Amino acid sequence: MKSILENWNRFLNEQQDIQIERDPEEENKITYRIGKAFITILENSPYADGAHSVYNFYVPDEQRGQGLGKRLAAHVVERYPGEEISAQVSSLASLKVFIDLGFKPYEEPTADFARAKELFDEDYGSLNLRLNAK
């Protein structure tokens, strides 16, 4: 029964459109949302040397395991094709999502997931990843 419910929840989440919210005070801050899950991007971020930067990324406990985080992150990659995107990850789940989408550790761009996890652990659970690093 649990499997049927999980599949139904996954189906419902896939049917939800991604909502886009622009911050009225900071026009370069955009949030993409599915239910309570969201990813916020700072376009041309001064904190990432002008790259677009993942400013906030959150999937609540009740929505985890349904692919929403990956869907939101993939949406960001699609919105900025070929452009540099930076993400400072602070969980193994987010590390996996971004590595699966082609992001690489900024300090070691040839690293695979196992090496990225080592770097993440060495940096006390934090790691900067980049896509299309220049």
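Just so it is clear, the model here is predicted, and its values are computed rather than measured.
- Between Ser86 and Asn128 there is a side-chain heavy-atom pair separated by less than 4.5 Å.
- No donor-acceptor distance shorter than 3.5 angstrom exists from the side chain of Ser53 to the backbone of Tyr55, with no hydrogens or angles considered.
- Between Asp100 and Lys70, some side-chain heavy-atom pair lies under the 4.5 Å cut-off.
- Look at Glu43 and Lys29 and you find no salt bridge, because none of the NZ, NE, NH1 or NH2 atoms lies under 4.0 Å from a carboxylate O.
- Counting heavy atoms of neighbouring residues, nucleotides and ligands inside a 6.0 Å radius, atom OH of Tyr47 does not exceed 12 of them.
- Expressed to the nearest 0.5 Å, how far OH of Tyr32 lies from CZ of Arg71 amounts to 14.0 Å.
- In this structure, the side chains of Asn44 and Asn28 stay at 4.5 Å or more apart for every pair of heavy atoms.
- Remark: the Asp23 side chain and the Thr31 side chain contain no N/O donor-acceptor pair separated by less than 3.5 Å.
- Ser94 places a side-chain N or O within donor-acceptor distance of the main-chain N or O of Ser91, the cut-off being under 3.5 Å.
- The CD1 atom of Ile34 sits 8.5 Å away from the NE2 atom of His75 when rounded to the nearest 0.5 Å.
- Donor-acceptor pairing under 3.5 Å is recorded for the side chains of Glu83 and His52.
- For the pair Arg115 and Asp112, the salt-bridge criterion is not met [side-chain N within less than 4.0 Å of a carboxylate O].
- Between Phe38 and Phe57, the distance from one ring center to the other does not fall under 6.0 angstrom.
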| Derivation of the side chain to side chain donor-acceptor pair (under 3.5 Å) call for Asn132 and Arg130 | CA-CA 6 Å; Asn132 303 316; Arg130 298 282 175 121; over 6 Å; no

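- Considering only heavy atoms from C-beta on, Leu129 comes within 4.5 Å of Ile99 through its side chain.
- With rounding to the nearest 0.5 Å, the separation of CD in Gln88 from CZ in Phe98 is 11.0 Å.
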